[in-house]
Each structure stands twice: as C-alpha cells, then as structure tokens.
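As the structure is a prediction and not an experimental result, all values here were calculated from the model. So that the names make sense, note that chain A is the first sequence line, chain B the second, and so on, each numbered from 1.
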Amino acid sequence: MNCSAARARLSEFIDRELAAAESRAVGAHLRECGECARVLRETQDALSLLHELPRQRPTGSVASAVLDRLEVERRGASLQALFRPAWSVRPLIVPSLLHGALVFAVVLSGVLTLDRAVTPRDDSAAARGGWSNKLAPSGTEANPLFPSSNVAVPQLRARGIMPEPFLRWQGEGSVFLETVVARDGSVSAVTLIEGDSEEARALADALRHERFVPARVGGRPVAVSFYRLFSRMEVRGRT
Amino acid sequence: MSKLLKLGAEVSVASGEIALEGAAAAPAVVALEDGLVARCLSGDGFAFSRLVALHEGMVVNLSQRLLGDREEARDLAQDVFLQVFRTLGRFQGRSSLKTWIYRITVNQCRNRQRWWRRRRRDRAVSLEQLNANDEARLASGQGATAFERVARREAAQRVQAALLGLSFDHRSILVLREVEGMRCDEIAATLGVPEGTVKSRLARAREQLRRLLLRHA
C-alpha cells in the first residue's frame with residue numbers, strides 16, 4: 001500500500017471501520033512510513049482537542065423565553081406578560097421543588113417516628129393490636145416495673161405506722177407478700193406468697209388500703225411491684 | 001422581529017420537515033419521547049419545558065461550535081425550540097427526537113451564517129474574536145492548576161478557530177461526530193445525506209482540521 005492509499009483510509013482506520021485485511025495493510029504502511037505515521041498522530045491530536053472542548057451548561061431559561069415569545073405572538077405584548085407569577089415564568093420550578101419537598105417530608109417523618117420510639121408508651125398503646133393486646137404496656141398496673149437503679153421503691157405516705165392487724169397478731173411468724181403500687185399511689189394488688197394464715201390474710205387486706213408516693217420514671221408515674229416480708233417474733237427479757 | 005420571521009421562513013424551507021430515515025432510537029426512549037411529544041401537542045407547557053430542559057444543553061453546545069459564539073448560540077437555541085414547538089406535529093418518530101432536533105439546529109445555524117454573510121459580517125474575524133473571549137470564560141473554570149487552565153484555554157481557542165476555518169458542511173459533520181459523539185448513520189439521518197457522503201466528508205474535514213491546527217500553531 002502506498003502513501004496516497006493509506007491517507008485515503010486514515011479516517012476509517014481511526015474509526016476502526018476498515019475490513020481486517022485493509023486495516024492490517026494500513027497498519028503495516030504506518031509502521032514503515034514515518035510521514036504517514038506523523039499525519040496519523042497529528043490527526044489524532046487534533047481530534048483529542050475537539051473531544052476536550054468545554055461544554056456549555058444549560059441555563060434553563062430557554063423554555064420560558066420560547067413560551068414568552070409564543071405567548072406574545074398569540075396575544076400580542078401586554079402588561080400580563082410582565083406581571084406574571086414566578087411559576088409561569090419558570091414552569092419547571094414547581095416540579096423541581098416537589099422533589100425537594102418529598103425528600104424533606106420523608107426525612108421529617110423518619111425523625112418523628114424514631115423520636116416517638118424512645119418515649120414511654122401510654123395506655124393507648126394497648127389498643128394498637130398485635131402483641132400489645134396480650135401484654136400490657138410496662139409501667140402500668142397490669143405490667144408493673146420492678147425496683148432497680150432507675151425505679152425507686154414507692155414510699156409510704158404515713159411513715160412508721162405498722163398495719164393494725166400486724167400489731168394485733170399473736171405469736172411468731174413471717175408473711176411474704178407482693179405489693180403492686182398503682183400510678184396514683186394506691187395499692188392495686190397484694191398477693192400472699194408465703195405464710196398463708198388468717199392473720200396474714202387480714203394483714204394483706206389492711207395493706208390494700210395503704211397509700212404511697214408513686215415511683216416516677218422520666219417524670220411520669222409508673223406502677224411498681226415489690227416484695228415485703230413481715231416477720232414477728234417475741235423477744236422475752238431475762239427475768 | 002422581522003429578522004426572526006425571515007429566519008423562521010428560511011428554516012422551514014431549509015429543514016423541509018422531512019421525516020428522518022434510519023438511526024432507529026431505542027424503544028424505551030421512543031415511548032418516553034412519544035409521551036412527551038403528545039403532551040406538548042396537547043398544549044402542555046410543562047411538557048414543553050421538560051423537552052427543552054432535556055435537549056437545551058446539546059442545542060446550545062452544537063450551536064456554539066458551529067457558530068463560534070456563545071450569545072449567538074443561546075439566541076439561536078430559542079429559534080430552534082420555537083421551530084420544534086411549531087413543527088412538532090410533523091415529527092413522525094421515525095428517528096429519535098434528539099436527531100430531529102439536531103437537524104433543526106444544524107439548519108438554523110446554516111441559515112444564520114448565510115444571514116451574516118449577506119450583511120458582510122466577516123465570520124473569520126468577528127467570530128474568532130468573540131469566540132476567543134467565550135472560550136477563555138468557559139475553560140477558565142476548569143483544570144487543577146493555573147498552568148493547566150491557561151493551556152486548556154489556549155487549546156480550546158485554537159481548535160475553535162480552526163473549526164471556523166472549515167466549510168459549514170465539514171464543520172457540522174466534524175462537530176456532530178467528534179464533539180457530540182454521534183455515529184455516521186445518525187449524522188447521515190440528521191443531515192439528510194447518504195452515509196458514504198458523511199464518511200468521505202468526515203475524512204476531508206479531519207484532514208483540513210489537522211492542516212489548520214498546524215497553521216494556527
């Protein structure tokens with residue numbers, strides 16, 4: 001292949017559109033002919049410059065300008081064309097804001113949902129169905145909390161007064177009971193665990209009328225269950 | 001306004017609104033474009049704004065490379081989309097909407113260049129000068145170092161000046177191919193010439209550009 005034939009095929013050689021045999025022939029000529037190789041290199045450099053030309057960025061103003069011109073042609077120039085709301089001058093503004101509003105709404109609802117998840121649930125949670133119907137919300141009378149580092153033991157309003165039945169009790173013995181103090185400070189349940197007797201039942205009845213200062217978690221009153229051991233023994237002095 | 005009307009008349013003759021053959025577009029794109037075109041035809045201003053937003057960049061870019069002037073390119077983009085709006089009903093969807101808009105853009109650029117010549121505006125002097133400023137503005141925002149920015153700006157000015165030294169036909173083929181990245185069959189459909197003609201003009205355009213760049217160097 002001579003220089004003239006190779007040059008005639010140079011453009012298609014660059015685009016790799018030559019048949020395999022022709023492409024090999026041009027390639028072989030370019031390896032032998034320094035002049036044609038230089039032309040190829042210069043052409044490729046020129047095309048690289050074209051590829052690297054900076055691109056114009058769209059301004060977004062063309063649509064409104066075209067719609068304005070159409071409007072003016074249709075109605076003629078009028079004051080209405082000057083005093084228009086922003087969304088008719090730039091019709092894409094409203095839909096572009098919608099995307100932003102949607103993202104904002106999703107983020108906001110996520111934040112609110114997460115925020116709600118850490119607040120203590122109230123009684124209405126029981127009405128939501130599912131497992132919450134079977135297990136009452138913790139901190140309520142049906143599912144009281146137990147004393148811990150966060151939950152203090154409720155204190156009696158009248159300190160130091162032993163229940164009347166206990167004082168009338170004759171003989172020695174112990175009673176172990178569970179007391180549930182409701183959120184209003186009243187006793188919602190007393191369960192005898194150990195020491196079932198006439199006196200113990202009378203003591204339990206008396207305990208149901210006690211009044212407590214309710215325990216609080218995060219400022220809210222909660223129901224607390226705690227255990228009490230009443231033990232009576234007779235101590236006789238040496239005569 | 002009379003200038004615009006005159007241009008509009010010239011363009012409607014030049015573009016001929018002939019349905020383009022070949023350069024088949026992807027079915028999904030065609031379906032999307034059909035929907036947009038149908039909405040535009042029903043007078044939906046938002047759909048038209050969307051259509052313009054989709055193609056404005058390529059119209060302005062192509063116009064700037066063909067005319068060598070940014071402000072002219074932006075002004076011409078309005079004429080192009082005005083033409084698109086008016087003749088959308090005749091778009092038959094045999095080629096992609098993009099190809100069709102490219103064709104209108106090239107024809108508008110050709111008409112505007114003729115208009116300049118009739119008014120003895122010397123393209124080689126005035127446009128090169130205008131273009132040098134545009135390229136400086138465009139290229140100055142890119143590149144990591146000051147040296148790179150200067151080099152890129154000078155290269156852009158040099159290549160744009162060389163482009164303007166080509167005939168309009170050669171320039172348009174070269175820009176569609178090398179700047180817009182179109183295939184030869186798409187260029188043939190856009191310009192309404194056979195693919196073989198596109199290839200031979202492309203070869204000549206590349207060779208001329210090479211020579212012009214050597215001269216400018």
Applying ring pair (Phe, Tyr, Trp, His ring centres under 6.0 Å), can you list everything that pairs with B:F48, at least two apart in sequence or on another chain? B:F85
With a 4.5 Å heavy-atom cut-off (strictly below), which parts of residues 11-24 of chain A touch chain B? List them by number. A:S11, A:E12, A:I14, A:D15, A:E17
B:V159 versus chain A, heavy atoms under 4.5 Å apart: side chain, backbone, both or neither? side chain
Side chain / backbone / both / neither for B:R177 at chain A, heavy atoms under 4.5 Å: side chain
According to side chain to side chain donor-acceptor pair (under 3.5 Å), who are the partners of A:S186, at least two apart in sequence or on a separate chain? A:D184
Could you tell me which residues satisfy side-chain contact (heavy atoms from CB on, under 4.5 Å) with A:H51, sequence neighbours excluded, listed by chain and number? A:L47, B:E178
Are the side chain of A:R228 and the backbone N or O of A:L177 linked by a donor-acceptor pair below 3.5 Å? no
Flag the pair B:D169 and B:R110 as a salt bridge only when some basic side-chain nitrogen lies within less than 4.0 angstrom of an acidic carboxylate oxygen. yes
Test: B:E207 and B:R204 ion pair at under 4.0 Å: no
So, taking the atom named CZ in B:R74 and the one named CD in B:E56, what distance separates them when rounded to the nearest 0.5 Å? 7.0 Å
